[in-house]
Q: 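Can you read through this structure? Questions will come right after.
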Protein chains: 2
Amino acid sequence: MDRPYHHGDLRAALVAAALQAVERHGHAAVSLRALAQALGVSHAAPYRHFANREALLAAVAAAGFASLVEGYLAAWHTAGAVPAASRLRAAARSLLTFATERPALFRLMFQGAPPPGGRAAADAAYASFAATVAATLPGAPEAAVKARTIAMWSTLHGFALLCLEGRLRPFMLGPLPPAALLEAVLDAALASPATSLATSPAPGPAVA
Amino acid sequence: MDRPYHHGDLRAALVAAALQAVERHGHAAVSLRALAQALGVSHAAPYRHFANREALLAAVAAAGFASLVEGYLAAWHTAGAVPAASRLRAAARSLLTFATERPALFRLMFQGAPPPGGRAAADAAYASFAATVAATLPGAPEAAVKARTIAMWSTLHGFALLCLEGRLRPFMLGPLPPAALLEAVLDAALASPATSLATSPAPGPAVA
DNA sequence: GGGGATGAGTTGGCAGTGTCAACTTGTCGC
DNA sequence: GCGACAAGTTGACACTGCCAACTCATCCCC
């Protein structure tokens, strides 16, 4: 049986294969030519569907974001009618689980400046996250909610990356069991400090 | 004037040139061949000093860590006799400054699993950080100190990366001025939640 | 139903990369 | 002076992303 001239849905097949390759060997090791060969098409065929390598990886990252919010919202909803803080904790835990279970994909999603076309998926994911955080702070002023959202995101994002990059070495933990560390970090992420929202004369971060 | 056969200190020259290239164009764009050409040596000369590209980049990252702790400790010491929390805040601010002022170098330092030989510099940097955090928590039990250290690191690390990757978009900040956000994140990082250090049956993070 | 138009896939090639093996050149110690 | 050894060179291989020119299949329209 010889393959037909037209593949059928090469674009989707490429994204799927690239996702698999990313998860298996990291996004640095994906080669368009290797993917094409694995799918039985010629080495230039991918360029009919993606402008370049980066565009294909952006599509993979978008799929990753979709999967991330799916798990996040599922955790949020199945947590049910427990206090809002507990729901948020459950959702945050699902975030960290995603990061540690699919490290290479997570890296791809958050590494490097996001490509122009790839911002939509990331923005949508942020929207879901922000909504759940806001739900735990009813009546708080907008600026305080936004600050809390980004602070919490920072803690979770930083911890996720430190974990999956193998940056947390045993000597840093000492007698502290990993599970306890996880809980402590969740405590830190969820704790709401008395945020001093007075504008102070400090250098601000670059906001793109 | 023709160059002598032996370069003199090609190794140091390579690291310096690579550092410059990283800061200018990002570590993905450094090419051993281009560096060699720029230094007036043949394309294979770098392999006399570095086993491969990764080893050279590891040396650059190590230099970055040295520079990072230099600035960090300077900020810590010049903060002087103010309360411990303020000193730590000043030091933390220097960390974020480093990240936003030298984004490409920071990325290189923390991205991807650290190479076997490149752990020493990162470990030394962590030691400085941990020492300053511990100084603000006199008398606290070891596990609590370690948990606080990593939680604080997570927040700072995450915020730094979100900033320098351009992940913080204007719509996420709304009316919140960047300087206020910075302060809010520092508040969150420095706040000490009532850490529940009881071991709970939750999946722990992978610790390498 | 014949016949373009057009999207999808192919072949071939270019420039550039990391890496290795074999060779040459300089330097230093005996 | 000479031989060992480190440092640098040449040449090659396999691989990559990307582009231009070409071919094939399909679909719409008269």
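If you're wondering where the values come from, they're calculated on a predicted model, not measured in any experiment. Residue numbers begin at 1 in each chain, while the letters A, B, ... track the order of the sequences.
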Q: When you compare the side chains of S67(B) and R102(B), does any donor N or O come within less than 3.5 Å of an acceptor on the partner?
A: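 Their side chains do contain a donor-acceptor pair, which is all the 3.5 Å distance test asks for.
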Q: Under 3.5 Å, is there an N or O donor on one side and an acceptor on the other linking the side chain of R53(B) and the base of dG18(C)?
A: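 Donor-acceptor pair under 3.5 Å: no.
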Q: Choose from dT17(C), dT19(C), dT16(D) the nucleotide whose nearest atom is closest to any side-chain atom of A34(B).
A: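 The nucleotide sitting nearest to the side chain is dT17(C).
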Q: When the distance from CG of L35(B) to P of dG8(D) is rounded to whole Å, what number comes out?
A: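 Going from L35(B) (CG) to dG8(D) (P), I get 15 Å.
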Q: If you check every side-chain atom of L10(A), which of dT19(C), dG9(C), dT10(C) has the closest atom?
A: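 Nearest to the side-chain atoms of L10(A), counting from C-beta on, is dG9(C).
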Q: Checking contacts here: which listed nucleotide (dG12(C), dG17(D), dT9(D)) is nearest the side-chain heavy atoms of A44(A)?
A: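 For the A44(A) side chain, the nearest candidate turns out to be dG12(C).
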Q: Please tell me which of the listed nucleotides, dG9(C), dC19(D), dC18(D), lies nearest to the side chain of L32(A)?
A: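 So the side chain of L32(A) is nearest to dC18(D).
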Q: Measure from the side chain of R33(B), starting at C-beta and using heavy atoms only, and say which of dG18(C), dT10(C), dC18(D) lies closest.
A: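 Shortest atom-to-atom distance from the side chain points to dG18(C).
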Q: Do the ring planes of F65(A) and F110(A) sit parallel (below 30°), tilted (30 to 60°) or perpendicular (above 60°)?
A: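 Judged by the thresholds at 30° and 60°, the geometry between F65(A) and F110(A) is perpendicular.
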Q: Considering only dT17(C), dG13(C), dG9(C), which nucleotide approaches the side chain of H43(A) most closely?
A: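 Closest of the options to the side chain of H43(A): dG13(C).
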Q: Under 4.0 Å from OP1 or OP2 of dT17(C): is there any side-chain N or O of S31(B) that close?
A: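 Checking dT17(C) against S31(B), a side-chain N or O does come within under 4.0 Å of OP1 or OP2.
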Q: Which value, rounded to the nearest 0.5 Å, describes the distance between L108(B) atom CG and F106(B) atom CZ?
A: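 It comes to 11.0 Å.
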Q: In whole angstroms, how far is the C1' atom of dT10(C) from the NE2 atom of H49(A)?
A: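 One finds 13 Å between C1' of dT10(C) and NE2 of H49(A), rounded.
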Q: What integer distance in Å separates L14(B):CG from dA7(D):C1'?
A: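 Rounding to the nearest Å, CG of L14(B) and C1' of dA7(D) are 12 Å apart.
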Q: Is the shortest distance from a Lys or Arg side-chain nitrogen in R107(B) or E23(B) to a carboxylate oxygen in the other one below 4.0 Å?
A: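 No.
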Q: R48(B) has an atom CZ; how far is it from atom C1' of dC5(D), in whole Å?
A: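 Answer to the nearest Å: 11 Å.
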Q: Rounded to the nearest angstrom, tell me the gap between atom OH in Y47(A) and atom C1' in dG12(C).
A: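 These atoms are roughly 15 Å apart.
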Q: Minimum heavy-atom separation for H77(B) and R87(B), please, with both atom names.
A: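 Smallest interatomic distance, heavy atoms only, reads CA-NH2, 3.9 Å.
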Q: If I take atom CG in residue D9(B) and atom P in nucleotide dT27(C), what distance separates them, rounded to the nearest angstrom?
A: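 Nearest whole value for this atom pair: 15 Å.
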